[in-house]
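We count residues from 1, following the sequence as given. The analysis underlying the following values was restricted to heavy atoms, covering all of them including side chains, and did not include hydrogens, waters or symmetry mates.
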Amino acid sequence: NDLKLQDEEKTNEIYKLSAVKEEVLQNVRHEVVTPIQGIWGPVTFLQDDWETMSEEVKKECINTIFHSTERFLDYMNNMLDFSRISANKVDLDFTNINLRHLIYRMLIDSKENKLISARDFVLEIPKDVNAEAYGDAQMINRVIKNLIINTLAYAKEGLITISLSNEEFVYLDQSYKEIISEGVKF
């Protein structure tokens with residue numbers, strides 16, 4: 001009886017792991033295929049119609065290629081970082097960080113580098129919010145950048161509000177749902 005129970009538990013665990021594996025593979029596929037399509041489509045269009053294409057359309061195609069390439073590179077860097085973190089091969093530089101300044105600077109840099117479009121961003125960080133944190137500024141910056149890129153991908157139009165509060169998000173899925181539906185919240 002104990003053996004049968006152990007077999008059932010192992011079988012259930014295998015099914016759960018298989019479901020997780022499938023979900024991860026679907027996410028990887030989406031994160032790789034989407035930017036590749038964002039590169040392939042405009043490149044093909046440019047190649048086929050370069051002579052008849054207006055300068056504005058050429059610039060739009062090149063802009064799409066740039067943003068798709070940036071998204072793909074960010075994803076690949078994230079995967080490499082995840083792999084290094086999992087293997088304990090990352091040297092994190094823990095320092096005191098002012099999240100208010102970090103988020104503001106990242107938005108300014110992203111607009112200057114055309115990482116984010118001219119869409120309107122509102123930064124809501126009340127003065128009573130403790131914006132001080134202790135962590136690796138580069139990693140936190142990358143996470144914030146990825147959240148903003150994902151928000152731009154899912155919220156095609158409208159105002160995007162980035163807010164910082166003293167609330168703590170423990171469960172990733174819950175915070176991610178709020179990111180997509182309400183904008184970026186930290």
Side-chain angles (χ1 to χ4, degrees), residues 27-28 30-32 34-39 42 56 59-86 88-186:
N27 287 336
V28 168
H30 170 75
E31 292 297 331
V32 171
T34 300
I36 295 296
Q37 288 173 337
I39 296 167
E56 183 179 327
K59 287 179 184 177
E60 190 176 312
C61 286
I62 290 169
N63 192 35
T64 300
I65 293 167
F66 174 81
H67 290 297
S68 294
T69 303
E70 188 85 18
R71 179 177 176 181
F72 182 73
L73 289 174
D74 282 344
Y75 178 74
M76 295 310 295
N77 284 330
N78 289 340
M79 292 301 291
L80 292 171
D81 286 345
F82 180 73
S83 174
R84 286 191 294 260
I85 289 168
S86 295
N88 290 325
K89 293 184 179 180
V90 172
D91 292 325
L92 299 174
D93 182 20
F94 285 89
T95 59
N96 291 318
I97 303 164
N98 184 307
L99 293 173
R100 181 183 322 238
H101 294 139
L102 187 100
I103 294 168
Y104 180 75
R105 184 75 247 159
M106 197 274 311
L107 281 174
I108 297 290
D109 290 347
S110 294
K111 282 188 177 184
E112 288 173 358
N113 295 329
K114 298 190 184 334
L115 172 66
I116 57 177
S117 63
R119 293 199 37 198
D120 290 327
F121 281 85
V122 174
L123 188 57
E124 287 183 0
I125 305 177
K127 292 189 187 267
D128 65 332
V129 168
N130 179 7
E132 298 300 317
Y134 186 72
D136 184 295
Q138 186 175 4
M139 284 295 191
I140 292 172
N141 197 42
R142 182 173 279 165
V143 168
I144 293 168
K145 181 179 168 185
N146 287 336
L147 290 170
I148 290 172
I149 289 169
N150 285 337
T151 300
L152 288 169
Y154 288 102
K156 299 290 184 196
E157 57 186 45
L159 188 69
I160 295 175
T161 301
I162 300 174
S163 61
L164 183 67
S165 72
N166 289 328
E167 293 179 36
E168 187 173 315
F169 292 110
V170 176
Y171 185 58
L172 179 62
D173 287 344
Q174 180 61 33
S175 64
Y176 191 70
K177 287 176 188 169
E178 290 187 31
I179 288 164
I180 290 174
S181 65
E182 298 177 23
V184 180
K185 290 187 173 191
F186 301 104

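- Between the side chain of Asn78 and the backbone N or O of Asp74, at least one donor-acceptor pair lies under 3.5 Å.
- In this structure Arg84 satisfies the side chain to side chain donor-acceptor pair (under 3.5 Å) test together with Asp81, sequence neighbours excluded.
- Thr64 approaches Pro42 most closely through the heavy-atom pair CG2-CG, 3.8 Å.
- For Asp136, the side chain to side chain contact (heavy atoms under 4.5 Å, CB included) partners are Leu92, Asp93, Gln138, Met139, not counting sequence neighbours.
- Between Phe72 and Met76, the closest side-chain pair of non-hydrogen atoms falls below 4.5 Å.
- Here NE2 of His101 is found 9.0 Å from CD1 of Ile125. Values are rounded to the nearest 0.5 Å.
- Closest non-hydrogen pair, Gly135 versus Ile140, comes out as CA-CD1, 4.2 Å.
- Atom CD in Glu60 sits 11.0 Å away from atom CD1 in Ile62 (nearest 0.5 Å).
- Taken from CD1 in Ile97 to OH in Tyr134, the straight-line distance is 9.5 Å, to the nearest 0.5 Å.
- Going from atom OG1 of Thr34 over to atom CD1 of Ile39 covers 11.0 Å, rounded to the nearest 0.5 Å.
- The closest donor-acceptor contact from the side chain of Ser83 to the backbone of Met79 lies at 3.5 Å or more, if one exists at all.
- Rounding to the nearest 0.5 Å gives a distance of 7.5 Å between CG of Asn27 and OH of Tyr75.
- With rounding to the nearest 0.5 angstrom, the CG atom of Asn63 is 11.5 Å from the CD atom of Glu56.
- Ion pairing of Glu132 with Arg100 is absent here, as no side-chain N (NZ or NE/NH1/NH2) approaches a carboxylate O to less than 4.0 Å.
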